[in-house]
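Reading through the structure tokens given below for one structure.
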There are 2 protein chains.
Amino acid sequence: MESRIERIKKQLHGASYKLTPQREATVLVLLENEEDHLSAEDVFLLVKEKAPEIGLATVYRTLELLTELKVVDKINFGDGVSRYDLRQEGASRFHHHLICIECGKVAEIQEDLLGDVEKIVESRYGFSVKDHWLTFHGICENCKSAGNDSKK
Amino acid sequence: MESRIERIKKQLHGASYKLTPQREATVLVLLENEEDHLSAEDVFLLVKEKAPEIGLATVYRTLELLTELKVVDKINFGDGVSRYDLRQEGASRFHHHLICIECGKVAEIQEDLLGDVEKIVESRYGFSVKDHWLTFHGICENCKSAGNDSKK
DNA sequence: CTAGATGCAAAATGTTTGCACTAGA
DNA sequence: TCTAGTGCAAACATTTTGCATCTAG
């Protein structure tokens with residue numbers, strides 16, 4: 001069985017991009033931090049541990065490239081920073097997010113809850129949906145049971 | 001019957017903010033361009049026509065304030081700019097957007113299509129939803145019928 | 001009158017670009 | 001070999017902040 005990183009590398013190669021050590025290190029960092037929502041700066045610092053000579057610009061260029069290949073999605077949670085989130089292999093839609101307004105935690109929902117909604121959008125608004133972007137803001141389970149009322 | 005701007009002014013006042021001419025002009029501009037998704041710079045230029053002495057920093061500060069009061073929502077469509085979108089009066093949830101990947105047009109859906117989905121999120125993930133943010137990417141009716149295949 | 005609001009300019013942030021150099025295929 | 005990729009620094013764009021001044025309440 002082929003590993004995920006192998007497949008991503010092949011994808012890069014298939015689009016006739018070169019497989020440089022910097023790109024490999026960047027992909028590796030993303031895979032190792034799949035749960036997180038890293039900013040370009042975050043990725044840069046982590047990649048630097050593996051490949052100290054890497055420049056921030058290369059990280060930006062690599063992340064842009066991976067976004068183009070749909071390996072990652074570039075997201076923006078409202079702070080001024082772009083973050084990068086690995087897409088499930090083969091997924092045609094971006095997964096949903098739950099952001100807790102108490103503790104700030106970001107959780108992911110991998111199942112697609114929008115099938116019916118997309119049908120409505122297609123029929124009622126004549127819009128062909130190719131992808132979606134859904135984020136909920138609210139109180140997560142932890143904060144709810146903790147009765148955590150500490151206003152920020 | 002009270003006008004919308006009156007009510008917004010009262011809301012400002014109610015939160016013990018002062019009613020300055022600059023703030024009034026900014027709110028007016030937002031109301032007059034309800035259909036658009038203006039950036040801070042856009043708002044600044046439009047407000048300048050009414051109140052030439054206004055500074056960009058004041059526009060930013062006013063928009064932040066209106067976001068806090070839930071009069072507008074601050075959104076980010078992936079270009080590096082924040083945009084500001086008037087919320088329907090009294091709406092507890094932000095409305096949905098349709099972005100056409102052919103022509104770039106942004107349309108709005110005012111009806112809330114996520115009632116059932118929120119119920120699932122609450123019961124299945126224990127997450128109390130307070131607000132949501134939903135954007136669809138795809139092909140709008142116009143581009144579809146025009147067979148508009150011109151990439152980008 | 002006085003705290004809050006403003007305008008301006010400077011600073012901070014995040015991201016992109018130009019260019020000479022390097023190295024995958 | 002030869003073009004795509006890299007690192008660095010400078011350039012950019014957007015947003016925030018400090019401060020002296022002004023003004024709504």
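Each chain gets a letter, A, B and so on, in the order its sequence line appears, and its residues count up from 1. The basis for the numbers below is simple: all heavy atoms, side chains too, and nothing from hydrogens, waters or symmetry mates. Note that the structure is predicted; figures quoted are calculated from it, not measured.
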Can you list, pair by pair, the side-chain donor-acceptor contacts under 3.5 Å of residues 11-21 of chain B, counting residues two or more places apart and other chains?
| unit_1 | atom_1 | unit_2 | atom_2 | d |
| --- | --- | --- | --- | --- |
| Gln11(B) | NE2 | Leu69(B) | O | 3.1 |
| Tyr17(B) | OH | Glu68(B) | OE2 | 2.8 |
| Thr20(B) | OG1 | Arg23(B) | N | 3.2 |

Contacts table for residues 131-140 of chain B: side-chain donor-acceptor under 3.5 angstrom, sequence neighbours left out:
| unit_1 | atom_1 | unit_2 | atom_2 | d |
| --- | --- | --- | --- | --- |
| Asp131(B) | OD1 | Phe94(B) | N | 2.9 |
| Asp131(B) | OD2 | Arg87(B) | NH2 | 2.8 |
| His132(B) | ND1 | Glu118(B) | OE2 | 2.7 |
| His132(B) | NE2 | Phe94(B) | O | 3.2 |

Mind listing the N/O atom pairs, protein and nucleotides 22-25 of chain D, below 3.5 Å?
| unit_1 | atom_1 | unit_2 | atom_2 | d |
| --- | --- | --- | --- | --- |
| dG25(D) | OP1 | Leu19(B) | N | 3.1 |

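Rounded to a whole Å, the CD atom of Glu24(A) is 15 Å from the C1' atom of dA23(C). Remark: P of dT15(D) and CG of Asn76(A) are 11 Å apart, rounded to the nearest angstrom.
Under the 3.5 Å distance criterion, with hydrogens and angles disregarded, no donor-acceptor pair is assigned to the side chains of His95(A) and Asp73(A).
Residues in residues 64-87 of chain B take part in these ring-ring contact (aromatic ring centres under 6.0 Å, His included) pairs, two or more places apart or across chains: His37(B)-Phe77(B), Phe77(B)-His97(B). Sorted by first and then second residue, the side chain to side chain donor-acceptor pair (under 3.5 Å) pairs involving residues 44-67 of chain A (not counting sequence neighbours) are Glu32(A)-Lys50(A). Among residue pairs with one or both ends in residues 102-125 of chain A, none qualify as ring-ring contact (aromatic ring centres under 6.0 Å, His included); sequence neighbours excluded.
Legend: residues meeting side-chain contact (heavy atoms from CB on, under 4.5 Å) with Arg4(A), ordered by chain and number and at least two apart, are Arg7(A), Ile8(A), Leu31(A), Glu34(A), Leu86(A), Glu89(A). With sequence neighbours excluded, the residues that form a side-chain contact (heavy atoms from CB on, under 4.5 Å) with Asp116(B) are Lys119(B). Partners of Glu35(A) under the side-chain contact (heavy atoms from CB on, under 4.5 Å) rule, at least two apart in sequence or in another chain, do not exist in this structure.
In this structure, Asn142(B) and Glu102(B) have side chains that are not in contact, with every pair of non-hydrogen atoms separated by 4.5 Å or more. Between Lys105(A) and Leu98(A) there is no side-chain heavy-atom pair separated by less than 4.5 Å.
Two end axes, each from the C1' atoms of five base pairs, can be drawn for the helix from dC1(C)-dG25(D) to dA25(C)-dT1(D); they diverge by 40°, to 10 degrees.
Residue Asn76(A) comes nearest to Ser82(A) through the heavy atom pair ND2-OG, 4.3 Å, listed as atom of the first residue, atom of the second, then distance. Taking all atoms of both residues into account, the shortest heavy-atom contact from Val47(B) to Thr26(B) is CG2-CA, 3.8 Å.
Contacts with DNA chain D (heavy atom under 4.0 Å) in residues 46-73 of chain A: Glu53(A), Ile54(A), Gly55(A), Ala57(A), Thr58(A), Arg61(A), listed by number. At a non-hydrogen distance threshold of 4.0 Å, nothing from residues 29-44 of chain A comes into contact with DNA chain D.
At dT15(D), one or more side-chain N or O atoms of Ser82(B) fall inside 4.0 Å of OP1 or OP2 (strictly under the cut-off).
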